[in-house]
*Asks:* 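Have a look at the structure that comes next, please.
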Amino acid sequence: MEITPSELGLVARVTNLTKSYGSAPNTVTALDDVSIGIRRGEFTAIMGPSGSGKSTLMHIMAGLDTPTDGRAWLADTEITAMGDSELTVLRRRRVGFVFQAFNLVPTLDVRGNIVLPFELDGRRPTVVEKDWIEQLIDSLGLANRLTHRPYELSGGQQQRVAIARALATKPDLVFADEPTGNLDSRSGREVLALLAAASASYGQSIAMVTHDPIAASHADRIIFLADGRVVEERGRSSAEEISRIMLGMEQRV
Amino acid sequence: MRAMGRGREHGSSILVAALSSAFGVVLIQVTGALSFMISADNIGRSTTVRMMLAIVAFVFIVIAVYVGSIVTVNTFATIIAGRTRTIALLRLIGSSARAQRRAVAAEGFWVGVVGASIGALAGTAMSIGTVRIAVAQSVVPDLDYPLFDPLIAAPILIVVLSTWLASWVGSRRVLTVSPMQAVGASGELSREETLSRTGRNLTAVVLGVTGLLLLGGGVLLGLISPLGILVGMVGGMLSFSGLILGSHLVMPSILRLTGRLLGRSASARLAAANALRYPERSSRATIGLVIGVTLITMFAVAGASYQDMMARAQAAQPEVYQGVDKVVAVTVAIFSVLIGFSALIAAVGMVNNLALSVLQRTRELGLLRALGFTAKQVRRMILAESTQMTIAAVGLGLILGVFYGWAGAQSLLGAQDGVGVIAPSIPWLLVVLCVVGAAALTLAASVSPARRATTVSPVVALAAD
Ligand SMILES: Nc1ncnc2c1ncn2[C@@H]1O[C@H](COP(=O)(O)OP(=O)(O)O)[C@@H](O)[C@H]1O
Ligand SMILES: [Mg+2]
């Protein structure tokens with residue numbers, strides 16, 4: 001009998017994950033035997049230099065991509081065994097996304113984008129969910145933007161809409177891939193504070209991919225990736241400490 | 001890689017240019033052979049007949065080129081919309097907007113040259129073949145028909161120039177691309193921005209109103225003289241051009257109506273919103289079909305009304321109009337075939353435009369897939385969008401065609417004895433065929449690009465430009 005991820009307090013887990021692209025002589029190994037767990041209720045950062053395999057890892061954990069080898073779970077569901085339509089429904093109901101850019105459907109206004117996951121599910125939010133959405137809209141400062149369309153918003157505002165959408169369904173896990181990558185430092189800080197607050201006050205589990213030590217310093221826990229392998233793991237750290245670890249990693253290579 | 005991309009982008013414009021030029025060449029060669037045959041037969045009548053045939057051929061070539069040009073303008077506008085990011089990036093690193101536009105127009109020039117040449121070759125081969133077959137079948141006498149009519153240079157040149165011009169007009173949006181768009185999101189104009197372009201809108205309204213007034217005048221004048229058709233024709237062309245220019249103002253309202261027919265599922269609602277929120281995109285995709293359906297319906301209604309009026313005139317004065325119905329039927333049939341060709345060009349444009357705009361939305365579709373839209377839902381959404389646009393286009397085209405066709409017949413023949421004002425005769429079989437044909441087109445235009453768009457993984461789609 002296997003121990004389930006949730007018995008370990010994990011909301012997501014991957015074991016011996018490998019992902020390679022291309023065939024024989026030109027294979028690129030993006031992930032090389034990666035095993036990690038994301039703890040429930042925590043804000044976890046997956047940190048590493050560009051090209052280290054962070055996005056690939058996130059895509060597999062979120063059911064957007066399939067590994068070459070290894071297994072992945074979301075809560076107690078093994079997603080590596082699922083077909084495309086099951087994965088689609090899983091993403092819709094149990095995962096939230098915040099991407100670096102192009103997060104919002106350009107044809108929908110702010111409210112339309114926020115309730116999109118419910119629409120995709122073919123239903124309207126329940127009364128409780130509606131209250132939750134209103135609360136999110138207020139706390140993210142979007143109340144007077146609801147009828148605006150993405151191109152009318154600043155980058156920071158667009159990311160806040162994406163966060164509201166990601167939190168709206170109270171998913172098991174929110175994935176954020178370089179959510180501040182396109183933002184100026186002030187809007188970036190705001191977005192990070194909002195993510196940290198969502199985790200601290202609502203117990204939302206969040207996994208954020210980033211190469212920015214300042215962004216990672218908002219997280220409860222930091223997993224370091226280099227060349228497709230996990231090389232370090234730390235609890236909450238300051239940006240300086242994180243930079244030092246990153247520099248150390250580079251020198252080792 | 002890039003050249004391949006361009007090939008796919010321009011494939012349909014080349015096809016449209018080739019079709020127009022082949023059509024022109026065949027018409028001129030065949031009418032040339034006909035006049036040659038007649039002149040061998042009867043010297044006296046030949047010049048007038050030759051003139052008449054040339055005028056008829058010319059009118060149909062102009063219609064085909066007009067339709068082809070509008071299709072090409074739209075195709076180029078769609079291509080530019082898809083290249084916004086690349087253009088913005090080039091602008092960012094220092095290229096001027098005018099240089100960018102010139103580059104696009106140069107592409108248009110070569111599209112025109114290649115398309116017109118292919119069409120000219122195919123057209124010449126076809127017309128020589130047709131004449132040979134006709135001779136072999138003893139349909140026409142075996143004469144020393146000229147191999148090349150020097151007049152075929154005209155359609156070839158017209159096609160090259162009109163394609164070039166169309167690419168120039170279609171690329172005007174290059175000028176509005178700002179370097180900032182290299183970093184920001186997409187650049188389609190929203191309805192608000194569309195509405196604010198007062199210059200173009202004003203022109204559209206002025207053209208439309210003037211055209212309608214002239215058309216009304218033509219119908220009234222037609223009650224006393226067949227010359228009404230001349231006034232009516234000018235009115236028809238002006239008002240139709242106004243409609244095309246202002247299509248981004250008209251289409252959304254019609255699309256809103258047809259969008260309601262799609263139902264309330266997530267796919268349907270998103271589809272309805274998509275078609276509406278980008279009036280530029282949806283007008284571009286639909287206007288070709290509107291033109292095609294309008295042309296076919298117009299000629300069919302004009303033909304049927306014409307036959308109707310002839311029947312009335314015949315009833316009033318049997319001796320004057322003896323045997324005329326047969327001639328009318330043959331003329332209507334030939335004209336229908338000729339106009340069907342322009343409709344074909346419009347169809348090519350519509351299919352291509354829809355396919356291109358689906359391809360350009362790879363990223364948006366990838367996002368929907370990532371957020372939990374199944375591949376099937378995405379396909380259904382695209383199909384719903386196309387359906388909505390097709391219904392709108394066919395509906396508008398039918399209404400316009402009936403109106404223009406009736407006005408044409410009325411202004412030409414209203415003055416005949418015993419005719420007066422009649423209701424338009426609508427050939428219902430044709431209406432049904434139009435609807436069926438359009439439905440088939442919609443399927444053809446959206447199923448395969450939608451399938452392609454959903455077979456790539458959401459990860460790849462999200463990384464697309
Ligand atoms: N579709 C792909 N085909 C080939 N190689 C890829 C593909 N996607 C990613 N890679 C490679 O995998 C490695 C990890 O990429 P990625 O996960 O995007 O890194 P990160 O997000 O950390 O910058 C890189 O070397 C990248 O070039
Ligand atoms: Mg990445």
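Residue numbering restarts at 1 for every chain, and letters A, B, ... go by the order of the sequence lines. Values below: every heavy atom of this structure, side chains too, minus hydrogens, waters and symmetry copies.
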*Asks:* Sort A:L116 into side chain, backbone, both or neither according to what part of it lies under 4.5 angstrom from a heavy atom of chain B.
*Replies:*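 The side chain, not the backbone.
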*Asks:* Take atom CZ of A:R111 as the centre, draw a 6.0 Å sphere, and report whether it contains more than 12 heavy atoms from other residues, nucleotides or ligands.
*Replies:* no
*Asks:* Under a 4.5 Å heavy-atom cutoff, which of A:R93, A:R91, A:H59, A:R123 has the most pairs with chain B?
*Replies:*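 Heavy-atom pairs under 4.5 Å are most numerous for A:R91.
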*Asks:* Take A:D84 and B:R369, measure what side chain to side chain contact (heavy atoms under 4.5 Å, CB included) needs, and give me the verdict at the end.
*Replies:* CA-CA 10 Å; A:D84 182 63; B:R369 292 275 288 121; 3.2 Å; yes
*Asks:* Is it the case that more than 12 heavy atoms not belonging to A:R186 sit under 6.0 Å from its CZ atom?
*Replies:* no
*Asks:* Heavy-atom count around A:H211 NE2 within 6.0 Å, excluding the residue itself: above 12?
*Replies:*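 No, not enclosed.
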*Asks:* Grab the two heavy atoms, one from B:A370 and one from A:F99, that are nearest each other, plus how far apart they are.
*Replies:* CB-CZ, 4.1 Å
*Asks:* Of all the heavy-atom pairs spanning B:L368 and A:L120, show the shortest one and how long it is.
*Replies:*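 Closest approach of B:L368 to A:L120, heavy atoms only: O-CD1, 4.3 Å.
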*Asks:* Within a 6.0 Å radius of atom CZ on A:R145, are there more than 12 heavy atoms belonging to other residues, nucleotides or ligands?
*Replies:*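 Yes, the 6.0 Å shell around CZ holds more than 12 heavy atoms from other groups.
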*Asks:* Which heavy atom of B:L371 sits nearest a heavy atom of A:F97, and at what distance?
*Replies:* CD2-CD1, 4.1 Å
*Asks:* How many angstroms lie between CZ in B:F373 and CG in A:D121, if you round to the nearest 0.5 Å?
*Replies:* 11.0 Å
*Asks:* Does B:I244 have more than 12 heavy atoms from other residues, nucleotides or ligands lying within 6.0 Å of its CD1?
*Replies:*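 Yes, CD1 of B:I244 has more than 12 neighbouring heavy atoms, counting only those of other groups under 6.0 Å.
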*Asks:* How close do B:Q377 and A:R92 get, counting heavy atoms only, and between which atoms?
*Replies:* OE1-NH2, 2.9 Å
